[in-house]
S.K.: 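Attaching a single structure in structure tokens format; questions to follow.
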Amino acid sequence: KSRTARAQRNIMVVDLPLHQFPDSKCTPGQFEFPFSLVLPETLPTSMFVDDGLSGCQVFYEISARLNRPGWTTWDVTARQPFNVSQIPRALMPSAVFCEPAIIPVNSCFCCYNGSMAIGASLDSGMVTRGGVVNVMFACKNDSVAVGESMQVNVSEVCSWNAGTRRRSFTRLLTQRLFNPSDIPGCRPAPEVGPTIDDQVSAKMCRDIFDQLKTGAGFQAALQLPVDTRDSYSGGLIKVKSSHSLSLSLSLSLFLSFKSP
């Protein structure tokens, strides 16, 4: 049994009378009625997303209606959709710091072999469609594990509500792979570091922050596609479009044992 939930909300409706015909009669001929309208700067950009089972759309259209008097006559109408692109907000660019992630490195699911922390920063939290995301990431390796690859992803997440139902769609915008040996702090430690506690975590976070603040981290530029959607969190409509940066590090652990 299929169930469908649908929700629609008008963001803005403007009714603009253009002309009043004398005696409510339109003589034969061709007529033009030029007009202009200033749209609010806060309107979201036109967008459409479909995950195969559900879809979400922000669209705009202009409609014209010629009122015809009488109960047995229909009004003459015409509709034309158009796209709206929101003007980027004039904000001062400011760096964005991602909270460091600290993970234990275990072998055989239980043998502690140290810990590792990774973190990243963006030079600006404002990026235009088709623009470049300048990323700096840092690593602190207190384990004997060897990094195999470092992967950086920039993703786009769209979510929407219809009634009590909620759907989301995630799209990978750009991806880069790096060699961990080229990243400062990623090389394995000579011996297993101390067990993770509050003091160890604070020290590793400070090390990551210092690398990012002083520019000692590894820098990379990732270009966004031109069809990247604008970031938006709906107030009148239950639609949200956002972007996220994720780091992942693949490790390999080589253990050696000495016989007595």
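The analysis underlying the following values was restricted to heavy atoms, covering all of them including side chains, and did not include hydrogens, waters or symmetry mates.
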S.K.: Quick check: closest heavy atoms across V84 and P44, and the distance to 0.1 Å?
M.R.: CG1-O, 4.1 Å
S.K.: Treating Ile, Leu, Val, Met, Phe, Trp and Tyr as nodes and any side-chain heavy-atom pair under 4.5 angstrom as an edge, say whether I208 and V105 lie in one connected cluster.
M.R.: no
S.K.: Got a second to check how far S241's OG is from M47's CE, nearest 0.5 Å?
M.R.: 5.5 Å
S.K.: Could you tell me the separation between the OG atom of S85 and the CG atom of L43, rounded to the nearest 0.5 Å?
M.R.: 11.5 Å
S.K.: Between the main-chain N or O of R229 and the side-chain N or O of E156, is there a donor-acceptor pair closer than 3.5 Å?
M.R.: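 Between the backbone of R229 and the side chain of E156 there is a qualifying donor-acceptor contact (under 3.5 Å).
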S.K.: To the nearest 0.5 angstrom, please state how far the CG atom of D123 sits from the CE atom of M136.
M.R.: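 D123 atom CG to M136 atom CE measures 9.0 Å (nearest 0.5 Å).
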S.K.: Donor-acceptor pairs are to be reported for all side-chain atoms of residues 195-203 against protein atoms at under 3.5 Å, with residues two or more places apart or in another chain.
M.R.:
unit_1 : atom_1 : unit_2 : atom_2 : d
D197   : OD1    : Q199   : N      : 3.2
D197   : OD1    : V200   : N      : 2.7
S201   : OG     : D197   : O      : 2.9

S.K.: Kindly indicate whether the side chain of K240, heavy atoms from C-beta on, has any atom under 4.5 Å from the side chain of C158.
M.R.: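 K240 vs C158: side chains apart.
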S.K.: To the nearest 0.5 Å, tell me how far L122 CG sits from N134 CG.
M.R.: 9.0 Å
S.K.: For F209, what residues pass the ring pair (Phe, Tyr, Trp, His ring centres under 6.0 Å) criterion, not counting sequence neighbours?
M.R.: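 So F209 forms a ring pair (Phe, Tyr, Trp, His ring centres under 6.0 Å) with F97.
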S.K.: Heavy-atom distance under 4.5 Å between the side chains of Q151 and Q175, does that happen here?
M.R.: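 Yes. Closest side-chain heavy atoms under 4.5 Å.
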S.K.: For S231, what residues pass the side chain to side chain donor-acceptor pair (under 3.5 Å) criterion, not counting sequence neighbours?
M.R.: H243
S.K.: Please tell me whether V49 and Y232 are part of a single hydrophobic cluster in this structure, the criterion being side-chain heavy atoms less than 4.5 Å apart.
M.R.: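 Linked, V49 and Y232 end up in one cluster.
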S.K.: For C205 and I102, work out which heavy atoms get closest and say how close.
M.R.: SG-CD1, 3.7 Å
S.K.: Using a 3.5 Å distance criterion without hydrogens, assess whether the side chain of D50 forms a donor-acceptor pair with backbone atoms of G52.
M.R.: yes
S.K.: Considering the options P180, P188, C186, which one meets the side chain to side chain contact (heavy atoms under 4.5 Å, CB included) requirement together with N141?
M.R.: P188
S.K.: In the single-linkage hydrophobic clustering (I, L, V, M, F, W, Y; side-chain heavy atoms under 4.5 Å), do L224 and L172 co-cluster?
M.R.: no
S.K.: Which residue pairs satisfy the salt bridge (Lys or Arg N to Asp or Glu O under 4.0 Å) criterion with at least one member in residues 62-79, sequence neighbours excluded?
M.R.: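 Found E61-R79, R65-D75.
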S.K.: Checking F33 now: which residues fulfil ring pair (Phe, Tyr, Trp, His ring centres under 6.0 Å) with it, not counting sequence neighbours?
M.R.: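 With sequence neighbours excluded, F33 shows a ring pair (Phe, Tyr, Trp, His ring centres under 6.0 Å) to H19, given in chain and number order.
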S.K.: Taking C-beta and beyond as the side chain, do N10 and V13 meet within less than 4.5 Å on heavy atoms?
M.R.: yes
S.K.: Establish whether L177 and V132 are linked, either directly or via other cluster members, by ILVMFWY side-chain heavy-atom contacts under 4.5 Å.
M.R.: no
S.K.: Run the salt bridge (charged side-chain N to carboxylate O under 4.0 Å, His left out) test against D227 and tell me which residues pass, sequence neighbours left out.
M.R.: R171
S.K.: Backbone N or O of D210 within a donor-acceptor pair of the T214 side chain at under 3.5 Å?
M.R.: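 At least one qualifying donor-acceptor pair exists.
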S.K.: Can you list everything that forms a side chain to side chain donor-acceptor pair (under 3.5 Å) with S54? Sequence neighbours excluded, please.
M.R.: W160
S.K.: Going by the salt bridge (Lys or Arg N to Asp or Glu O under 4.0 Å) test, which pairs reach into residues 125-134, not counting sequence neighbours?
M.R.: R129-D230
S.K.: If you round to the nearest 0.5 Å, how far is SG of C139 from CD1 of I183?
M.R.: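 I183 atom CD1 to C139 atom SG measures 7.0 Å (nearest 0.5 Å).
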S.K.: Excluding sequence neighbours, so at least two apart, what forms salt bridge (charged side-chain N to carboxylate O under 4.0 Å, His left out) with D51?
M.R.: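 Per chain and number, D51 pairs via salt bridge (charged side-chain N to carboxylate O under 4.0 Å, His left out) with R167.
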S.K.: ring-ring contact (aromatic ring centres under 6.0 Å, His included): which pairs involve residues 118-141, sequence neighbours left out?
M.R.: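 The answer is F137-F178, F137-F218.
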S.K.: Taking the side chain as every heavy atom from C-beta outward, state whether I11 and Y60 have any atom pair closer than 4.5 Å.
M.R.: yes
S.K.: What pair of heavy atoms forms the shortest contact from V154 to L222, and how long is it?
M.R.: CG2-CD2, 4.2 Å
S.K.: Heavy-atom distance under 4.5 Å between the side chains of L16 and F35, does that happen here?
M.R.: yes
S.K.: Hey, could you give me the CG/CG distance between L37 and L39, rounded to the nearest 0.5 Å?
M.R.: 5.5 Å
S.K.: Suppose we screen for side chain to side chain donor-acceptor pair (under 3.5 Å). Which residues come up paired with Q57, at least two apart in sequence or across chains?
M.R.: none
S.K.: Is there a side chain to side chain contact (heavy atoms under 4.5 Å, CB included) between M116 and D142 once you walk through the steps?
M.R.: CA-CA 6 Å; M116 178 173 288; D142 278 344; over 6 Å; no
S.K.: I need the full list of side chain to side chain donor-acceptor pair (under 3.5 Å) pairs touching residues 178-193, with sequence neighbours left out, sorted by first then second residue.
M.R.: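 As it turns out, the side chain to side chain donor-acceptor pair (under 3.5 Å) pairs with a partner in residues 178-193, which skip direct neighbours, are N179-S181.
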S.K.: To check you understand the geometry: which heavy-atom pair defines the closest contact between S143 and N113, and what is its length?
M.R.: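 Heavy-atom minimum between the residues: CB-O, 3.0 Å.
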S.K.: Do R206 and M204 come within less than 4.5 Å of each other through their side chains, counting heavy atoms only?
M.R.: no
S.K.: Do I118 and V96 belong to the same hydrophobic cluster, where Ile, Leu, Val, Met, Phe, Trp and Tyr are linked whenever their side-chain heavy atoms lie under 4.5 Å apart, directly or via other members?
M.R.: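 Yes, it is one cluster - the side chains of I118 and V96 are joined through contacts under 4.5 Å.
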S.K.: Do P225 and T228 make a side-chain contact, defined as non-hydrogen atoms from C-beta onward lying under 4.5 Å apart?
M.R.: yes
S.K.: Does some side-chain heavy atom of Y112 sit less than 4.5 Å from a side-chain heavy atom of P104?
M.R.: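 Of all side-chain heavy-atom pairs linking Y112 with P104, at least one is under 4.5 Å.
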